[in-house]
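Worksheet: one structure, shown below.
Position 1 is the first residue of the sequence, and the numbers go up from there. Worth saying up front: this structure is predicted, and the values here are computed from it rather than measured.
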Amino acid sequence: MNDDIEVDEHREKMRKEFAEFSKKMAQRPFHRNITAKLISDLSDKEIETTMYDIVWAANANLDQLLNHLPRGYSLVYFTMVLENEVSNGGFNQLFHNKPQNFVDMTIKCYEFLGLKNVIEVINNASFIHKKEFAKKKVLWLKHTIEAFMKSYEFSSLDDTSEKMWSLSDEIRIKRIEYIRANPEDFIGDYHDLYDTAKS
């Protein structure tokens, strides 16, 4: 009984954290013109989010947008989305919300950053997920939050999720280093991508 209460409390905490995260995302100021000077001036705390916002806040089809933007944005976007999914609900949430081709594209981004240890964790999580998928699929097809939460009862992904969390600082450092070392992969004036209400 106590275990059920703890699980319910954890799930409610996850819901609240995701709601708070979404609220913060919507309230952040957005830089629309990315210059070499801006990249140099931004703090380590701001720089990843600034590049992520170019994609996240844009009023455009995601695939078309990422094909239009310099290549650095795909790397930042895919890796940060994957990490946000795992941070919010573990690999179980990632595999529920994102298709395999998203995971495959993100692995290529981590390869580009030289993060073989991260790729190993993701591949291990994918292997576990494939073994468990049949049990979870029935629940996921119900398309309810309750069914999704129940799918955690059939998930053995906690260890891999924790391993991914433990690598978050290393990933962040590599991503920031890449942005600072390759400003040409981000520079541009992107005002045309946004609603006037967000400008």
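- The nearest pair of heavy atoms linking N33 to L38 is O-CD2, 3.6 Å.
- The distance from atom CZ of R71 to atom CZ of F186, rounded to the nearest 0.5 Å, is 9.5 Å.
- Between A58 and I54 the shortest heavy-atom distance is CB-O, 3.5 Å.
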Problem set entry | T144 and M149: CA distance, side-chain angles, deciding distance, side chain to side chain contact (heavy atoms under 4.5 Å, CB included) verdict | CA-CA 9 Å; T144 66; M149 290 301 183; over 6 Å; no

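- In this structure, L193 and L65 have side chains that are in contact, with non-hydrogen atoms separated by less than 4.5 Å.
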For this session: May I have the step-by-step check of ring pair (Phe, Tyr, Trp, His ring centres under 6.0 Å) for F78 and Y52, ending in yes or no?
Result: CA-CA 9 Å; F78 282 119; Y52 180 85; over 10 Å; no

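- Counting all heavy atoms, side chain and backbone alike, K142 lies closest to A147 at CB-CB, 3.9 Å.
- Here the shortest heavy-atom pairing between M51 and V76 reads CB-CG1, 4.2 Å.
- The side-chain hydrogen bond (donor to acceptor under 3.5 Å, both in side chains) search around E146 returns none, not counting sequence neighbours.
- Looking only at atom types and distance, the side chain of S43 has a donor-acceptor partner in the side chain of E46 under 3.5 Å away.
- Evaluation of the side chain to side chain contact (heavy atoms under 4.5 Å, CB included) rule for D158 yields no partner, not counting sequence neighbours.
- Proximity of I107 to N123: side-chain heavy atoms (C-beta onward) are separated by under 4.5 Å at one or more points.
- One finds the OG atom of S156 at 7.0 Å from the CD1 atom of I128 (value rounded to the nearest 0.5 Å).
- Within the model, atoms CG of N124 and CD1 of I119 stand 13.5 Å from one another, a figure rounded to the nearest 0.5 Å.
- Note that CG of N97 and CG of N88 are 9.5 Å apart. Values are rounded to the nearest 0.5 Å.
- A donor-acceptor contact shorter than 3.5 Å links the side chain of R172 to the backbone of D44.
- Looking at heavy atoms from C-beta onward, D41 lies out of side-chain contact with I39 at the 4.5 angstrom threshold.
- The two residues P183 and R180 have their closest heavy-atom pair at CD-O, 3.5 Å.
- For the residue pair Y73/D185, the side-chain donor-acceptor check at 3.5 Å is not satisfied.
- With contacts defined as side-chain heavy-atom distances shorter than 4.5 Å, the pair S161/F91 qualifies.
- You'll find the side chain of I122 reaches within 4.5 Å of the side chain of L82, heavy atoms only.
- The two residues L66 and Y77 have their closest heavy-atom pair at CD1-CD2, 4.4 Å.
- For the pair M164/I171, a side-chain contact is recorded, criterion being any heavy-atom separation below 4.5 Å from C-beta on.
- Between the OG1 atom of T50 and the CD1 atom of I34 there is a distance of 6.5 Å, given to the nearest 0.5 Å.
- One hydrophobic cluster, built from ILVMFWY side chains closer than 4.5 Å, holds both L94 and L62.
- Residues V121 and I173 do not share a hydrophobic cluster, defined by chaining ILVMFWY side chains whose heavy atoms lie under 4.5 Å apart.
- Within the structure, side chain to side chain donor-acceptor pair (under 3.5 Å) contacts touching residues 102-114 (residues at least two apart or in different chains) are E83-Y110, Q100-D104.
- Using a 4.5 Å heavy-atom threshold, the side chains of F148 and L139 count as separate.
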Problem set entry | Verdict with supporting geometry, K131 and F127, side chain to side chain contact (heavy atoms under 4.5 Å, CB included) | CA-CA 7 Å; K131 290 197 301 184; F127 177 76; 3.9 Å; yes

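- A heavy-atom distance below 4.5 Å is not found between the side chains of S74 and L69.
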Exercise. Checking side chain to side chain contact (heavy atoms under 4.5 Å, CB included) for the pair M80/R175: CA distance, chi angles, key distance, verdict?
Worked result: CA-CA 10 Å; M80 288 185 72; R175 194 161 43 221; 3.5 Å; yes

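- Applying the side-chain hydrogen bond (donor to acceptor under 3.5 Å, both in side chains) criterion to K45, with sequence neighbours excluded, gives no partner residue.
- Judged as a side chain to side chain contact (heavy atoms under 4.5 Å, CB included), and not counting sequence neighbours, the contacts of K136 are N92, H129, E132, W140, S151, F154, S155, L157.
- In this structure, the ring of F95 has its center no less than 6.0 angstrom from the ring center of F133.
- In the displayed structure, K98 atom NZ is contacted under 6.0 Å by more than 12 heavy atoms of other residues, nucleotides or ligands.
- Expressed to the nearest 0.5 Å, how far NE2 of H31 lies from CG of D53 amounts to 8.5 Å.
- In this structure, the side chain of S166 engages the main chain of K163 through a donor-acceptor pair within 3.5 Å.
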Exercise. Where do T160 and V86 land on the side chain to side chain contact (heavy atoms under 4.5 Å, CB included) test, with the steps shown first?
Worked result: CA-CA 10 Å; T160 50; V86 177; over 6 Å; no

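- With sequence neighbours left out, the side chain to side chain contact (heavy atoms under 4.5 Å, CB included) criterion links D63 to N61.
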